[in-house]
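Below you'll find the structure, written out as structure tokens, and then a few comments.
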There are 2 protein chains.
Amino acid sequence: MRITLKRPALGKSAPRSLVDELCETLAKRIRRDLGKGRSQLPTERELAVEFEVSRTVVREATKRLELQGLLEVRHGIGLRLVDKLHAPLNGALELLLPDAGQRLRQLTETRRVIEPELARLAAERAKPEHLRAMRRTQQQLEKAVDTAEAIDADVEFHRLIAAAAGNGILELVLKSLGELGRESRRATIAVTGSKLVHEHHAAILKQIEQRKPQGAFDAMARHLAAADRDLNDHFVKQK
Amino acid sequence: MRITLKRPALGKSAPRSLVDELCETLAKRIRRDLGKGRSQLPTERELAVEFEVSRTVVREATKRLELQGLLEVRHGIGLRLVDKLHAPLNGALELLLPDAGQRLRQLTETRRVIEPELARLAAERAKPEHLRAMRRTQQQLEKAVDTAEAIDADVEFHRLIAAAAGNGILELVLKSLGELGRESRRATIAVTGSKLVHEHHAAILKQIEQRKPQGAFDAMARHLAAADRDLNDHFVKQK
DNA sequence: TCGATGCAAGAGATCATACCACTAGGAATG
DNA sequence: CATTCCTAGTGGTATGATCTCTTGCATCGA
């Protein structure tokens, strides 16, 4: 099964390089293969033969695909497919706001803009499997044996709300914010313990289950305002 | 002036490749150089000499930097610095939502979640230079001689509100949405003409100038609801 | 004098080859 | 059975060569 790249067109229009072509072809293949449960691409050498290009072109393409959050390239192992489309945004935000304090402030504010609306949409749109997953995550939060597990459950609960809201763009943004903000959640949970987080989540979940958009909005707004205060408290204590 | 990359550490921790190191170093340099008005990096050959690595490493790094929205690599010309940190998000969203119709719906919804809040924040935080720039963009919208110019001014007005809001994360997201949604603005403006867009913008700007957060929020929400309806009208007409 | 054409230098793009460093699995050893 | 070692295969890097594109300059013709 031989797939041939479009060789760059000759002419006055901007030429498309082999690397560009290969990136696009592989990105689509990766998205399709992920949906089928595949976990690896062929090796660089195999791809070079398959697409009839040099290994240079393959390597340059894979560097791009890595940055796009589609591939993990491991020395000696090969090319592993991943589904991390939010990862480019992580990198961009770190470059945009190199100062961690400033980044955190804006990150928190962004969450306060986005997440109450996501909770509202989730109350309108959540399916039974979303609700089940939220309840399961609440149990994980309750049983968490250390802060890392509590953070995982916290982040996941919020991501599930975004998923239930049915807007992939906002979900992707929230995934990025979740990863960038892991350290701040560590601080928040250190101040309040995970018990209070669990209670706030329960209040939000209840409004979603009862299909009350405004109630969900308000509960999420309260939760984030409290988290904001806790985070400020934590920073004040550190000075 | 010789800057040396950290050669990958030998040992049990995950080794950092030369490409990783060079990407990070160049990303920081690019951000700094952009702030100083520089527009080009040295050539690939020069960078290879400067950092004492092969040209292969340089090329792989530049492919990444291109994807990050930091560089434009032009055949025969060299490596031009750019400031497009939103560009990675464009690519991610196109991969996440390949169907243009679905992407447009979610994009529109995302704007309706984000932009009224941005208008609220702008009413609280806008500086005189933000307001001047908004007025200038309104003039550009009024004088626009074709749809492309009108779209440019429309997108820019919204971006300025995001800038005035003072949240770089939301501004970056909005830049991405602005570019992804250019075609839908073409459709909207085709339905209503740019005159109505100009009026809506004027109403928003007035609330911001008068420092009325809730007024700005409401005006922006109305503007986006109207645009949403116009877009739906356009699609109904096409069926 | 101005516009068109051609050429050369320098830029990135691709190829090929060689070698290095890491990883995992299988075989050997205690 | 557990540990250690070795090997094959993987990605990482270097080098040299050639190709293709872009721009600026020189020349020629009207």
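Being a predicted model, the structure only gives us computed values, none of them experimental. Note on naming: letters A, B, ... go to the chains in the order of the sequence lines (proteins, then strands), and numbering restarts at 1 for each one. Heavy-atom basis, side chains included; hydrogens, waters and symmetry copies ignored.
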Contacts of B:Lys195 meeting salt bridge (charged side-chain N to carboxylate O under 4.0 Å, His left out) (sequence neighbours excluded), chain-then-number -> B:Glu199
What is the distance, rounded to the nearest whole Å, between atom CD of A:Gln40 and atom P of D:dG9? 16 Å
It should be established whether B:Ser54 places a side-chain nitrogen or oxygen under 4.0 Å from OP1 or OP2 of nucleotide D:dT13. no
From CG of B:Leu22 over to C1' of D:dA14, roughly how many Å is that when rounded to an integer? 15 Å
Salt bridge or not between B:Lys175 and B:Glu179? Use side-chain N to carboxylate O under 4.0 Å. no
Heavy atoms under 4.0 Å, any strand shown: does A:Thr43 hit a base, just sugar-phosphate, or nothing? sugar-phosphate
Filtered N/O pairs between nucleotides 23-26 of chain D and protein, under 3.5 Å:
none

Distance-only donor-acceptor test (3.5 Å): side chain B:Arg45, base C:dG10: no
What's the CZ-P distance between A:Arg55 and C:dA18, to the nearest Å? 13 Å
Describe, in one word, how the ring planes of A:His201 and A:Phe157 are oriented to each other, choosing from parallel (under 30°), tilted (30 to 60°) and perpendicular (over 60°). parallel
Distance, rounded to the nearest Å, where B:Leu47 contributes CG and C:dA13 contributes P: 13 Å
Identify each donor-acceptor pair in which a side-chain atom of residues 100-108 of chain B lies under 3.5 Å from a protein atom, sequence neighbours left out, and give them as a table.
from     : atom 1 : to       : atom 2 : distance (Å)
B:Arg103 : NH1    : B:Leu97  : O      : 2.7
B:Gln106 : OE1    : A:Gly168 : N      : 2.4
B:Thr108 : OG1    : B:Leu104 : O      : 2.8

Kindly say whether, by distance alone, the side chain of B:His75 makes a donor-acceptor pair under 3.5 Å with the base of D:dT20? yes
Write out all pairs satisfying salt bridge (charged side-chain N to carboxylate O under 4.0 Å, His left out) with one or both partners inside residues 127-142 of chain A, taking only residues at least two apart or from two chains. A:Arg135-A:Glu209
What's the closest nucleotide to the A:Val73 side chain, out of C:dA13, D:dT15, D:dG11? D:dG11
Between CG of A:Leu79 and C1' of D:dG9 the distance, given in whole Å, is 13 Å
To the nearest Å, give me how far apart CD (B:Glu44) and C1' (D:dA14) are. 15 Å
Just the rounded figure in Å: distance from P of C:dT17 to CZ of A:Arg59. 18 Å
Suppose the criterion is salt bridge (charged side-chain N to carboxylate O under 4.0 Å, His left out): which pairs have a residue in residues 85-95 of chain B, not counting sequence neighbours? none
Pairs meeting criterion salt bridge (charged side-chain N to carboxylate O under 4.0 Å, His left out) with involvement of residues 55-76 of chain A, two or more places apart: A:Asp20-A:Arg64, A:Glu44-A:Arg55, A:Glu44-A:Arg59, A:Arg59-B:Glu60, A:Glu60-B:Arg59, A:Glu60-B:Lys63, A:Lys63-B:Glu60, A:Arg64-B:Glu66, A:Glu66-B:Arg64, A:Glu72-A:Arg80, A:Glu72-A:Lys84
Whole-Å distance, B:Glu72 CD to C:dA11 P, equals 19 Å
